[in-house]
Student: 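Have a look at the structure that comes next, please.
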Amino acid sequence: MRHAAEISSVAHELAMRASKDGIFEYQLQSIIEGFFVYGGTSGWAYPSIVGCGENATILHYTVNESKCKGDEIILIDAGAEYKGYAADITRSWPIGGTFTDAQKEIYEIVLDAQEQAIAACRVGNPYNQPHEVARSVLAEGLIRLGIINQSLGEALDSQSGQLKNWYMHNTGHWLGLDVHDVGVYKPDGTPRLLEAGMVLTVEPGLYFGAWRPDVDCPERYANIGIRIEDDVLVTEDEPDVLTKRCPKTIADIEGIVGSL
Ligand code: GLY
Ligand code: MN
Ligand code: MN
């Protein structure tokens with residue numbers, strides 16, 4: 001799993017370096033999947049999601065044929081499989097290498113949510129604690145930006161809360177021989193507690209699809225889709241982020257994109 005994670009991390013970094021205005025989604029896909037082969041893996045662990053602009057706001061987008069513009073965010077969810085074991089990484093970055101203010105506002109919230117959720121991947125915590133942590137941080141951030149006009153408690157409500165308009169999936173899953181690995185989440189109906197040796201993904205996101213008929217997308221954030229996903233080994237001590245080599249901070253990303 002460490003090798004799959006390492007190769008997948010470098011593959012994302014190479015795609016960042018190759019990004020530029022006018023590149024096609026499939027060109028970035030080919031760099032990533034080509035490096036999976038170069039790295040001795042058996043290729044992708046699941047079909048790669050490579051979506052720029054509004055495609056970044058479509059959760060299971062795999063068409064990967066659009067031309068990217070410099071001011072758009074590209075979201076890439078791609079991981080390699082090595083000796084049967086999967087990696088699962090998502091990174092999101094501006095094709096032209098510089099985040100707009102609006103993109104930065106959303107990215108910072110998702111990164112904060114992801115880092116706090118990773119910190120919750122500790123022995124003895126319920127498996128869904130990272131999800132609850134991420135949900136709170138995302139909702140607080142969207143309240144701060146004025147995108148959600150409810151209290152924190154209201155925003156998190158599964159029926160009437162506004163968070164689910166912009167964050168509509170779980171924060172992670174078991175990872176191993178399958179990308180969504182086998183394993184019971186709620187034996188006896190209660191969330192399983194994390195144990196050393198378990199590996200799970202941590203992947204919060206925010207998606208502002210201006211194309212959606214069901215919600216009014218705030219214009220400032222139209223077609224920004226951000227997800228940040230790492231693979232985390234639970235240990236007796238600090239969580240071990242297997243994909244930590246993959247660039248993730250705004251400063252690192254802005255320093256790398258387009259540098260090929
Ligand atoms: N790549 C599938 C997932 O993130 O769950
Ligand atoms: Mn995943
Ligand atoms: Mn993924």
Side-chain angles (χ1 to χ4, degrees), residues 1-16 25-26 28-29 31-33 35-36 41-52 55-64 73-82 84-93 107 110-111 113-115 117-118 120-121 127-135 138 164 166-185 192 194 198-207 225-234 239-248:
M1 290 189 78
R2 286 189 191 281
H3 186 67
E6 185 79 2
I7 292 299
S8 303
S9 298
V10 176
H12 278 257
E13 181 184 331
L14 289 174
M16 288 177 192
E25 292 166 346
Y26 57 78
L28 295 175
Q29 178 185 4
I31 287 169
I32 287 194
E33 294 180 0
F35 193 74
F36 289 171
T41 74
S42 51
W44 48 259
Y46 54 91
S48 304
I49 295 168
V50 184
C52 64
N55 299 336
T57 71
I58 301 170
L59 290 189
H60 299 292
Y61 175 82
T62 50
V63 181
N64 303 353
I73 292 285
I74 183 139
L75 182 155
I76 299 189
D77 184 344
E81 182 173 299
Y82 181 64
Y85 286 87
D88 184 6
I89 300 181
T90 308
R91 290 292 185 267
S92 314
W93 64 86
Y107 194 91
V110 176
L111 182 58
Q114 203 238 9
E115 286 177 338
I118 288 173
C121 295
Y127 86 86
N128 59 337
Q129 191 157 320
H131 181 52
E132 297 310 327
V133 167
R135 274 168 38 82
L138 294 175
K164 67 177 184 323
W166 317 114
Y167 183 45
M168 60 299 276
H169 59 73
N170 279 322
T171 302
H173 49 83
W174 307 132
L175 182 69
L177 283 167
D178 201 352
V179 65
H180 291 176
D181 208 14
V182 294
V184 180
Y185 289 92
R192 188 165 176 187
L194 295 175
M198 290 177 165
V199 179
L200 67 162
T201 68
V202 179
E203 50 180 304
L206 290 171
Y207 312 93
I226 305 281
R227 178 163 66 255
I228 307 172
E229 175 174 28
D230 281 307
D231 303 342
V232 179
L233 168 66
V234 179
D240 183 356
V241 181
L242 303 179
T243 45
K244 59 180 167 289
R245 170 156 184 183
C246 194
K248 181 161 82 167

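Order of appearance sets the numbers: ligands from 1, and atoms from 1 within every ligand. What's counted below: heavy atoms across the whole structure, side chains too, no hydrogens, waters or symmetry copies. Please read all numbers here as calculations on a predicted model, not as lab measurements.
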Student: Is the side chain of Thr201 donor-acceptor paired with the backbone N or O of His173 at a distance under 3.5 Å, no angle test?
Tutor: yes

Student: Between Tyr185 and Asn128, do the side chains contain an N or O donor and an N or O acceptor separated by less than 3.5 Å?
Tutor: no

Student: Quick check against the 3.5 Å criterion: does Arg91 have a side-chain atom that pairs as donor or acceptor with the backbone of Cys246?
Tutor: yes

Student: Under 4.0 Å, heavy-atom basis, I'd like to know which part of Asp88 is in contact with ligand 1: side chain, backbone, both or neither.
Tutor: side chain

Student: Does Asp77 have a non-hydrogen atom less than 4.0 Å from ligand 1?
Tutor: yes

Student: Any chance OH of Tyr85 has more than 12 other-residue heavy atoms, nucleotides or ligands included, within less than 6.0 Å?
Tutor: no

Student: Between the main-chain N or O of Ala78 and the side-chain N or O of Tyr46, is there a donor-acceptor pair closer than 3.5 Å?
Tutor: yes

Student: What protein N, O or S atoms come within a distance below 2.8 Å of the Mn ion (ligand 2), ordered by chain and number?
Tutor: Asp88 OD2, His173 NE2, Glu203 OE2, Glu229 OE2

Student: Atoms of ligand 1 less than 4.0 Å from Glu229 heavy atoms?
Tutor: 4 (O)

Student: For Thr57, does its backbone N or O pair with a side-chain atom of Arg227 as donor and acceptor, under 3.5 Å?
Tutor: no

Student: In plain terms, say whether Arg2 and Asp231 are close enough for a salt bridge, that is, a side-chain N and a carboxylate O under 4.0 Å apart.
Tutor: no

Student: Considering the heavy atoms of His173, write down every atom of ligand 1 situated less than 4.0 Å from one of them.
Tutor: 3 (C), 4 (O), 5 (O)

Student: Are any of the heavy atoms in His180 under 4.0 Å away from ligand 1?
Tutor: yes

Student: Are the side chain of Thr171 and the backbone of Val202 linked by a donor-acceptor contact shorter than 3.5 Å?
Tutor: no

